[in-house]
Amino acid sequence: MAARLVVVSNRVGPVRGAARAGGLAVALVDALREAGGLWFGWSGRIAEQGQGAGGVQQDHFRGITTATLDLTAAEHHDYYNGFANQCLWPLFHYRIDLTAYDRRFYEGYQRVNVRFAQALQPLLRDDDVLWVHDYHLIPFAETLREMGAHHKIGFFLHIPFPSREVVLALPHHARLAQSFMAYDLLGFHTQRDVERFVDYMVNELGAEFDGTHLRAFGRKAMVRAFPIGIDAKAFADFVYSEDGQRQWQRASTALRGRTQIIGVDRLDYTKGIPERFAAFERLLADYPDARGRVEFLQVAPLSREGVAEYSEIRSRLEGAASRINGQYGEVDWTPLHYLNRTVSRRALAGLYRASKIGLVTPLRDGMNLVAKEYVAAQDPADPGVLVLSRFAGSAWQMKAALIINPYDTVEVAEALQTARYMPLDERRNRHAELMQDLIAHDVTDWRRSYLQALAEA
Ligand code: ADQ
């Protein structure tokens with residue numbers, strides 16, 4: 001019998017409604033189903049202030065077990081909002097200016113990793129294989145190994161690994177590096193992330209690298225890139241679902257022949273949304289023929305509302321949106337539509353299809369799945385054009401997109417204008433190239449190649 005898979009991630013996704021949650025949740029649920037697995041992590045619940053967090057809650061559904069823990073209010077503050085989202089998240093996205101180096105955050109982070117490891121350990125079987133996800137849980141394997149675990153444990157980082165100089169700004173960087181080495185396989189989205197990680201480990205910490213394995217702190221780990229994909233075929237089918245059709249129709253009717261540009265992101269300062277608004281404003285300023293003929297729809301549900309930077313960016317965007325509409329709008333034309341709302345994945349597919357231009361401008365992004373979803377939702381016979389930031393991990397794969405520098409609003413406005421007038425032949429060719437790669441490197445391919453490498457590591 002194949003070894004059981006244990007997935008460990010900060011949030012345990014919905015197992016029952018995984019298809020609705022989409023992307024990663026589906027991929028992990030499929031992997032767990034194949035191996036009859038266990039998914040372990042935070043429940044998403046916070047205990048009342050001053051209350052303990054209680055024990056592990058287990059649930060079983062179609063061969064998958066979930067085991068979750070609540071966080072105390074203090075843990076949520078120091079570990080989740082603190083070290084994970086105010087220190088590692090900004091730092092790994094090159095926002096040294098937003099990085100909070102509070103020692104209490106780091107201690108809270110370590111404590112939660114220890115508590116999680118202690119809670120998982122009694123549930124482990126000898127031949128389990130563990131797959132740990134993302135920056136919240138870097139010390140997880142080291143902590144488990146200190147408790148005697150000898151399992152095969154892999155790690156995947158969903159966000160970028162930054163260049164060496166940036167990592168050095170973290171007071172605890174060498175401790176974290178040691179924690180990384182407790183894994184047997186370290187997975188990153190792109191070869192560039194692998195190179196930056198190896199450069200840091202070798203040149204700062206004296207690790208040795210032989211092209212596939214890194215040796216440091218008395219341990220050896222395989223290091224490789226596994227670019228995550230989407231289920232491109234399923235996403236393309238969403239366009240023809242009831243919700244997809246409804247949104248597509250609704251948007252098309254409202255557009256009355258105008259061109260729609262779409263942006264879809266969690267409201268996060270790494271996604272380059274203010275820069276995107278500025279580029280749209282530049283388009284209207286520099287290309288008068290766009291006025292009255294183009295609309296920009298930005299869908300950005302609020303996220304991490306407990307962190308101050310997130311409310312700041314929210315008010316900044318509200319200001320920019322009303323200024324642009326105030327300056328350029330007409331009684332019968334609103335240039336910019338800005339919605340702080342989550343849309344179902346099917347409805348999202350319909351919105352992408354109704355949009356002739358997909359505008360994805362992160363200042364840094366591990367991969368960026370929106371770029372892939374936009375392409376998958378297009379009509380191959382008359383596809384829209386993707387304008388994509390060179391700082392998204394996906395730009396390394398999606399070379400047939402119009403690749404731009406998101407800081408350069410003039411260049412982005414030019415790309416939007418190019419996209420508006422791109423001939424059908426060129427749009428088809430670019431789309432076909434992008435789609436071919438999306439299908440060849442989909443999310444199933446991603447998890448299979450990761451788990452195969454882990455089995456061999
Ligand atoms: P995120 O930073 O969340 O993920 P991204 O890869 O773009 O970024 O994925 C976002 C997902 O949320 C997409 O599937 C998108 O459709 C969905 N989404 C966004 N806005 C939505 C809305 N309004 N309604 C409904 N759904 C919405 C992190 C890393 C990325 C990496 C992924 C996966 O930051 O770089 O690509 O993990 O590894």
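Predicted, not measured: the structure shown is a model, and the values here were computed from it.
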So do [Y] and [X] actually touch side chain to side chain, heavy atoms under 4.5 Å?
X      : Y      : result
Asp243 : Val343 : no
Leu91  : Thr99  : yes
Leu386 : Val360 : yes
Met222 : Leu186 : no
Val166 : Ile96  : yes
Asp134 : Leu157 : yes
Trp42  : His76  : yes
Leu124 : Leu130 : yes

Is it the case that more than 12 heavy atoms not belonging to [X] sit under 6.0 Å from its [atom1] atom?
X      : atom1 : answer
Glu456 : CD    : yes
Trp333 : CH2   : yes
Gln249 : CD    : no
Arg192 : CZ    : no
His158 : NE2   : yes
Arg196 : CZ    : yes

Okay, side chain of [X], backbone of [Y]: is any donor-acceptor separation there less than 3.5 Å?
X      : Y      : result
Ser355 : Gly358 : no
Asn429 : Glu426 : no
Lys152 : Ala457 : yes
Ser303 : Leu267 : yes
Tyr94  : Ser163 : yes
Ser389 : Phe391 : yes
Lys372 : Asp442 : no
Asp184 : Gly154 : no

Examine Arg447 relative to Trp131 and say whether NZ or CZ is less than 6.0 Å from the centre of the six-membered ring and inside a 45° cone about the ring axis.
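Verdict for Trp131: no cation-pi partner in Arg447.
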Heavy atoms only: give me the nearest [X]-[Y] pair and the separation to one decimal.
X      : Y      : answer
Gly229 : Trp446 : N-CB, 4.2 Å
Pro160 : Asp365 : CG-C, 3.9 Å
Asp128 : Leu123 : OD2-O, 4.4 Å
Ala300 : Asn340 : O-ND2, 3.0 Å
Gly292 : Arg258 : O-NE, 2.8 Å
Gln58  : Ala67  : CG-CB, 4.2 Å

When rounded to the nearest 0.5 angstrom, what is the spacing between [atom1] in [X] and [atom2] in [Y]?
X      : Y      : atom1 : atom2 : value
His93  : Tyr269 : NE2   : OH    : 8.0 Å
Ile228 : Gln397 : CD1   : CD    : 10.5 Å
Ile159 : Met367 : CD1   : CE    : 13.5 Å
Asp102 : Cys87  : CG    : SG    : 9.0 Å
Asn405 : Arg390 : CG    : CZ    : 6.5 Å
Thr65  : Leu38  : OG1   : CG    : 6.0 Å

Carboxylate-amine/guanidinium contact [X] [Y], below 4.0 Å:
X      : Y      : result
Arg314 : Glu318 : yes
Glu75  : Arg115 : yes
Glu309 : Arg304 : no
Lys356 : Asp382 : yes
Glu295 : Arg256 : no
Arg276 : Asp265 : yes
Lys399 : Glu433 : no

What do the steps show when you test Gln417 against Asp289 for side chain to side chain donor-acceptor pair (under 3.5 Å), and what is the final call?
CA-CA 10 Å; Gln417 189 69 352; Asp289 69 305; 3.3 Å; yes
For this output row, return yes or no: ring centroids of Tyr338 and Phe296 closer than 6.0 angstrom.
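Centroid separation for Tyr338 and Phe296: 6.0 Å or greater.
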Within the 6.0 Å centroid threshold, strictly below: Phe156 and His189:
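Yes, the ring of Phe156 comes within the 6.0 Å limit of the ring of His189, centre to centre.
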Measure the acute angle between the ring planes of [X] and [Y], then classify it against the limits of 30° and 60° as parallel, tilted or perpendicular.
X      : Y      : value
Phe197 : Phe161 : perpendicular
Tyr79  : Phe116 : tilted
Tyr352 : Phe235 : tilted
Phe155 : Tyr183 : tilted

Establish, from distance only, whether the side-chain atoms of [X] and [Y] form a donor-acceptor pair under 3.5 Å.
X      : Y      : result
Ser322 : Asn325 : no
Arg420 : Thr259 : no
His441 : Asp445 : no
Gln298 : His337 : no
Tyr310 : Asp268 : yes
Tyr135 : Asn85  : yes

Gln57 pairs by side-chain contact (heavy atoms from CB on, under 4.5 Å) with which of Val12, Asp70, Thr66, Leu69?
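Of all the options given, the one that passes is Asp70.
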Which of these, Arg346, Arg353, Gln245, sits in a side-chain hydrogen bond (donor to acceptor under 3.5 Å, both in side chains) with Tyr240?
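Filter result, single survivor: Arg353.
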Does the side chain to side chain donor-acceptor pair (under 3.5 Å) test come out yes or no for Trp39 and Ser9, once each step is laid out?
CA-CA 8 Å; Trp39 193 349; Ser9 62; 2.9 Å; yes
Run the numbers on Arg282 and Glu275 for salt bridge (charged side-chain N to carboxylate O under 4.0 Å, His left out), then give the verdict.
CA-CA 10 Å; Arg282 182 113 312 272; Glu275 290 75 6; over 6 Å; no
